[in-house]
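Okay, so here's the structure we're looking at.
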Amino acid sequence: MAVHRGRGVAAIEYPTGMNQNGDPSQAWIKVKPDGRVDVFSGTADIGNGAKTIQSQIVAETIGVPYDWVTFDNSNTDSSPVCTGTFASRATFVAGKAVLKAAEEVRHKLLEIAGLEMEASADDLEVVDGEVMVKGSPTEKLSVADVAGAATYGHGQLITGTGAQLKPYAEILDPETGVVSSPPHSAISYAACAAEVEVDDETGNVRVLKLIQAYDVGKAINPALVEGQIQGGAIMGLGLAVLENAYPYYPSVEHRGYGFGSYYSPGMEDLPELETIIIENPSADGPYGAKGIGEMANNAQPAAIAAAVHDAAGVWITELPITPELVLKALEAKAEPRREGKLVAFDDEISVNTVGAGISWMP
Amino acid sequence: MKAVGARLPRYDGVGHVTGQTQFVDDVRVREMLWAKALRSPHHHAAITRMDTSKAEAMPGVEAVITHADVPLLEYGHLSALGIPADEPLLAKDEVRYKGQPIALVAAEDADTARAGVEAIEIDYEERPTLFDVRKAFDDDAPTVHRWGNWYPHFEGEMDRRQIRKGNIEEAFEAADTIVSGVYRPAAIEHAPLETQVSMVVPEPDGRLTVYSCTQALYFSLGVMAAHLQVPLNRLKVVGGTVGGGFGGKVDTASETVTALAAMKANRPVKWRWTREEEFLASSTRAPWHMEIIDAVTSDGWILGRKMLTLHDSGAYARFSPYGLTKHSFHHTGAYTIPNLHFDGYVVFTNRVPTTAMRGFGVTSVSFATETHMSRIADVLGLDPFEVRLKNANRINDTSPNMITYPDPSTVDVVLSIAEATDHSLDDAYMSMSRAQRSGDMLPEHLAAQIGEGHEHASLHALVHGVDNDSEGN
């Protein structure tokens, strides 16, 4: 009886935006007479930080401080279409909509500023809430003054609208799955190494450490990116060793009906986490960003399964890897079936063994 | 100061951590009624009789809603994408899962609503059930869906999602070793702190204000308007701040029925699911059954992959056809495999319909293909990092659906993890990059996998063919 340590690795990819696209996001922005900026976007914030990220993109693009931006996603009367917060699309797809709206706002601000400063809008830029002549930072006018002049001097409302839509990628041939165009906005990549301990007496698997590297394109807010990666890691840990909505699947009996009867990860399950952010900018995401919200729970289960094999010599391919499954596997010491060049694992759970109506050849 | 790239404080962080953020259930209005649902106690049954008259006559009960009150009973979240609808908003003549909503009672308080639910007279005739996707195709399997036991409406009215690429038979003939395995990740709960909840307020101008926990305001607006057969501006969906979703709140689970109750009672109605309802009657992540057979060379190249996926959709389709399609597009993971034969089925069972969840369609396949990758390395006695680095997507490699990858980073992330874990690799591997394949990284079997370099190889592939014959690069 002993506790064994093992390591495993997994590498994954994940698309940004709805599969096959066709998922619009729109936004509009107005500027108050003191230069403060109101953003209207239909993107729900499910804890992913959509309000923060879109506000940052607007502040950066117009050239005003972050705390000048208010963000309203509260209702469908004032906010235009956003397909929703799913498919890792909020930062990229909805982010591009607010980016385009903010570009229009900046353009209009510079036009009004040009009238006020007797300069061509092309020669002006906005830096930290001030419009200045490029290369001559002493000639400047605050965005607040420009917005006031627009309202009270020129009788104009400074607004911007933006919309992002990548057209639907059609399946040209359902026999082969060939598509008409890239069926996503971008693809993100990640790898994860897991270190585990397996107790061969109790069958318990303890995840000690998860080391993860994500190519996020551009971290618009590194703190929120780390939050996604670390939160996702714990969700992936739950998938790997704890959670099951149907503990006797495929049976529907004995389901957990509350937090007290369902094993989701708790503080005691928390492993050591190491997070590496790589920035290979995407070709057309806002500031090069890609979406990583969803993939953040995809790499850990395979890395943990490989680490369990490294530690205990058994492959568990049904999730979660419960103590019961580990002990059964240790007891069975199953070897793969070998026929010619075939090495066949898991015969006992295959459709070939369990079902009769579907043919499947190894 | 730069805003992009800065560790700025979360926009709504203070409200969240001090408990001041207003979520749907925090909103209370005068005259508000509480709603409770009658749900199926059976996994599969015919409804042979239903009588709501005693419930309707109860003091304090202001509205009872059944299928008969819904202008358009069946509307799918993906109807707009051509995926036909199969799920009634409220069960009509049959129930296909335990917990399926049949009626909603709105009353002055929750206890009266619950008593109203109990006063509904209903008779069932139980039917045989199916829970194991592996047995759905058997001759003696009970039929559990009006379309049969698996989804039959993929493009061309095909009953499965297929990927075909290259020449799979040649790949298996050429292989030194063939490795097969079966992968079965479990269903899990979304387990949000905020259960499904909505409140609908009839306004004096005839509009409805819908307080919703949806992850997708406009998706839910469209779905509600379709069921209710009203123009979009009859409804104002209020939300945008969600107490945990993880995919489960892409379903518009409660809003439409609550709206019907509010319209019938002409009073505000709130329907807040209990924790038990959230766990037992709301959707879960799907359980998946995946079988992979890979043709490999003794030095770790993957020549071809055959894969069978059975996606446990539960009682209705919801987003499952979409999820399976996404799954099929990503069944080679972060690697380039030239010969593919993928068959995937959306299988119906008598469990709660499964739905979107973080990583939808791909979480499953990432687990299966990456565990398989580790097994291949183990069977061949090779380093698991090296097998991954060899087969990793490179710039301009071709995907399963014949588009090219403009900026894959598999090599970057794997090398980064090797470094972080002090995993020693030969220089040949340490010096790898994501650049377009050449030299040792362009063996004969991948020669035809280099695309045009403008992220659009499909037309090229259709014109020039996509078999194993190299046309150079």
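Values reported hereafter were calculated over all heavy atoms of this structure, with side chains retained and with hydrogens, waters and symmetry mates removed. Proteins get letters first, then strands, A, B, ... in listed order; numbering begins at 1 in each.
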Going by side chain to side chain contact (heavy atoms under 4.5 Å, CB included), B/S409 matches just one of A/I278, A/D215, A/I187. Which one? A/D215
Which region of A/P247, side chain (C-beta onward) or backbone (N, CA, C, O), has a non-hydrogen atom less than 4.5 Å from a non-hydrogen atom of chain B, or is it both or neither? neither
Qualifying residue, where the test is side chain to side chain contact (heavy atoms under 4.5 Å, CB included) with B/I403 and the options are A/S180, A/S181, A/P183: A/P183
For the rings on B/F279 and A/F259, is their centre-to-centre separation under 6.0 Å? yes
What part of A/T70 gets closer than 4.5 Å to chain B, counting heavy atoms only: side chain, backbone, both or neither? both
Taking every heavy-atom pair that is under 4.5 Å apart, which of A/D72, A/N298, A/T52 has the most such pairs with chain B? A/N298
Specify which of A/I12, A/I211, A/I276, A/I171 makes the most heavy-atom pairs with chain B at under 4.5 Å. A/I171
For A/V69, which atoms come within 4.5 Å of any heavy atom of chain B: side chain, backbone, both, or neither? backbone
Need one label for A/D67: side chain, backbone, both or neither, based on atoms under 4.5 Å from any heavy atom in chain B. neither
Under 4.5 Å from any heavy atom of chain B, what part of A/A193 do you find: side chain, backbone, both or neither? both
Indicate whether any N or O donor in one side chain lies under 3.5 Å from an N or O acceptor in the other, for B/K2 and A/Y66. no
What verdict does the side chain to side chain donor-acceptor pair (under 3.5 Å) test give for B/Y11 and A/D45, after you've listed the backbone C-alpha separation in whole Å, the side-chain angles of each residue and the deciding distance to 0.1 Å? CA-CA 10 Å; B/Y11 189 92; A/D45 195 323; over 6 Å; no
Chain B heavy atoms under 4.5 Å from A/Q20: which part of the residue, side chain, backbone, both or neither? side chain
Less than 6.0 Å separating the ring centroids of B/F219 and A/F86? yes
Interface moiety of A/S188 toward chain B, non-hydrogen atoms closer than 4.5 Å: neither
Report yes or no: is the cationic atom of B/R275 (NZ for Lys, CZ for Arg) closer than 6.0 Å to the six-membered ring centre of A/Y257, at no more than 45° off its axis? no
Heavy-atom cut-off 4.5 Å, strictly under: side chain, backbone, both or neither for A/E274 against chain B? side chain
Residue part contacting chain B, namely of A/Y287, when any heavy atom lies under 4.5 Å: side chain
Based on non-hydrogen pairs under 4.5 Å, which of A/G177, A/A306, A/G355, A/A11 is most in contact with chain B? A/A11
Answer yes if the side chains of B/D407 and A/N280 hold a donor-acceptor pair under 3.5 Å, and no otherwise. no
Using non-hydrogen atoms and a 4.5 Å limit, figure out which bit of A/K51 sits close to chain B: side chain, backbone, both or neither. both
